[in-house]
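Since the structure comes first, as structure tokens, the remarks are kept for the end.
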Number of protein chains: 2
Amino acid sequence: MPCDFLPAQRALLDATEHLIYTGGIHATGVDAIVRKSGIARKTLYRHYPTKEALVEAALRRRDDRWMAWFIAATSGYTDPRARLLSCFDALREWFASDGFHGCAFLNAAGEIGPATHPIRAVSRLHKRRLFEYVCTLTRETGLAQPDEIAEEFLVLIDGAISLALVFGDTHGADAAARSAQRLLRHIPVSS
Amino acid sequence: MPCDFLPAQRALLDATEHLIYTGGIHATGVDAIVRKSGIARKTLYRHYPTKEALVEAALRRRDDRWMAWFIAATSGYTDPRARLLSCFDALREWFASDGFHGCAFLNAAGEIGPATHPIRAVSRLHKRRLFEYVCTLTRETGLAQPDEIAEEFLVLIDGAISLALVFGDTHGADAAARSAQRLLRHIPVSS
DNA sequence: CTCCCCATAGAACGATCGTTCTCGCACTGC
DNA sequence: GCAGTGCGAGAACGATCGTTCTATGGGGAG
């Protein structure tokens with residue numbers, strides 16, 4: 001993992017990520033990507049053999065950046081339980097931000113049919129990375145069975161994101177936070 | 001609300017629902033709908049002014065049928081708490097069924113950009129209907145603040161569906177069921 | 001300066017998109 | 001028999017899809 005991107009790649013990935021996030025993968029044409037990025041079509045196809053590869057690269061980079069944002073946004077508390085609960089504050093902020101349109105990886109998985117498609121693999125990778133990070137948070141709390149608790153948190157996180165997409169508000173994050181608080185209140189600490 | 005559909009409409013809605021559920025809205029062309037349904041293009045455009053209207057009608061009917069299935073699948077227990085928990089048994093069964101591809105309404109909302117689009121309204125309607133039904137279940141339990149609990153259940157349900165879509169397994173339903181059991185164990189009954 | 005490579009702009013390719021039109025066949029009421 | 005109508009099959013429309021090609025114009029190495 002060395003590597004920054006060339007400026008042309010950066011512009012392409014920025015434009016692609018934004019367009020497919022706000023408008024969907026199939027609905028965004030190469031024309032729109034070229035127009036928004038200011039990069040020539042020929043250059044696009046020099047860096048990426050196909051639109052699909054460009055979309056996949058854009059999603060991989062979004063994965064990196066989203067995870068970095070989420071980790072940064074949930075590192076403000078030293079108390080492990082407060083840090084775990086701050087996940088939902090971060091989500092609330094995200095839901096209320098301009099241009100929020102759900103989880104790009106859930107959207108991609110829902111839009112693309114076959115489960116063997118490379119883009120579906122990016123979605124799985126993202127959720128697995130998120131799960132691993134939540135595992136580190138739950139393990140720090142000293143609760144019993146931290147990985148199973150992390151699974152429950154993953155359900156709460158993705159449920160909150162989905163409801164925020166559909167309803168356009170933050171009530172899902174509030175409900176998820178209530179569930180999480182109850183979870184922390186009633187789970188025994190390990191041995 | 002009289003009305004069954006004419007046979008041509010039924011065939012069109014069946015084909016459209018199946019195609020857009022498994023392949024996405026934008027990825028399914030009118031050609032494929034015509035081919036699968038065995039209905040002539042001209043007939044299609046007599047019943048529905050545009051592909052978008054046909055998709056919307058197919059989603060509305062899927063809403064009706066999915067809700068009917070979900071209600072039927074969660075009516076086997078007389079004990080209100082067992083009935084509430086049976087939601088996740090129904091989901092588990094759904095996740096393991098052939099052709100499962102997440103929630104059609106979450107997928108549609110994720111694929112379609114503008115929140116004012118008519119199809120987005122169908123997604124909101126579906127989740128609101130699901131919420132209302134879960135409310136009836138939570139109210140029967142006699143728990144305090146049943147509507148807030150129903151919100152939490154909605155988060156658990158949609159989170160489980162999203163994880164089932166991404167990972168292709170039923171662990172999300174298991175985790176959601178654990179959260180739900182803890183919820184029922186630790187919430188006080190109203191007054 | 002010349003040669004070469006990369007970049008942009010944009011035309012052009014075949015394919016497919018959503019939509020409309022034409023045709024032919026089967027059926028109905030008179 | 002015969003005009004009228006509904007439907008299936010499919011051609012055809014312009015537009016747009018993803019992709020490739022040509023033409024043009026710097027910028028660095030020799």
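Naming: A, B, ... by sequence-line order, numbering from 1 per chain.
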Check your understanding: What residues form a side-chain hydrogen bond (donor to acceptor under 3.5 Å, both in side chains) with B:E17, not counting sequence neighbours?
Key -> B:R62, B:R65
Point to revise | Integer-rounded Å distance: C:dC6 C1' and A:L44 CG | key: 15 Å
**Study point:** More than 12 heavy atoms from other groups under 6.0 Å of NE2 on B:H117
**Key:** yes
Check your understanding: Is any side-chain nitrogen or oxygen of B:T43 closer than 4.0 Å to OP1 or OP2 of D:dC7?
Key -> no
Exercise for review: Sequence neighbours left out, what pairs pass salt bridge (charged side-chain N to carboxylate O under 4.0 Å, His left out) with at least one residue falling in residues 102-127 of chain B?
Suggested key: B:K127-B:D158
Point to revise | All salt bridge (charged side-chain N to carboxylate O under 4.0 Å, His left out) counterparts of B:D169, not counting sequence neighbours | key: none
**Study point:** side-chain hydrogen bond (donor to acceptor under 3.5 Å, both in side chains) partners of B:T74, counting only residues at least two apart
**Key:** B:Y133
Practice item. Using whole Å, report how far CZ of A:R46 lies from C1' of C:dA9. Key: 14 Å
Check your understanding: Partners of B:R83 by side-chain hydrogen bond (donor to acceptor under 3.5 Å, both in side chains), sequence neighbours excluded?
Key -> B:E140
Check your understanding: Within this structure, what is the CD-to-P distance between A:Q9 and C:dC6, rounded to whole angstrom?
Key -> 14 Å
Can you check nucleotides 18-21 of chain D for protein contacts, nitrogen or oxygen pairs under 3.5 Å, and list what you find?
from, atom 1, to, atom 2, distance (Å)
D:dG18, OP1, A:K51, NZ, 2.6
D:dG18, OP2, A:V30, N, 2.7
D:dT19, OP1, A:T50, OG1, 2.4
D:dT19, OP2, A:Y45, OH, 2.8
D:dT19, OP2, A:T50, OG1, 3.4
D:dT19, OP2, A:K51, N, 2.8
D:dT19, O5', A:Y45, OH, 3.4
D:dT19, O4, A:R41, NE, 2.9
D:dT19, O4, A:R41, NH2, 2.7

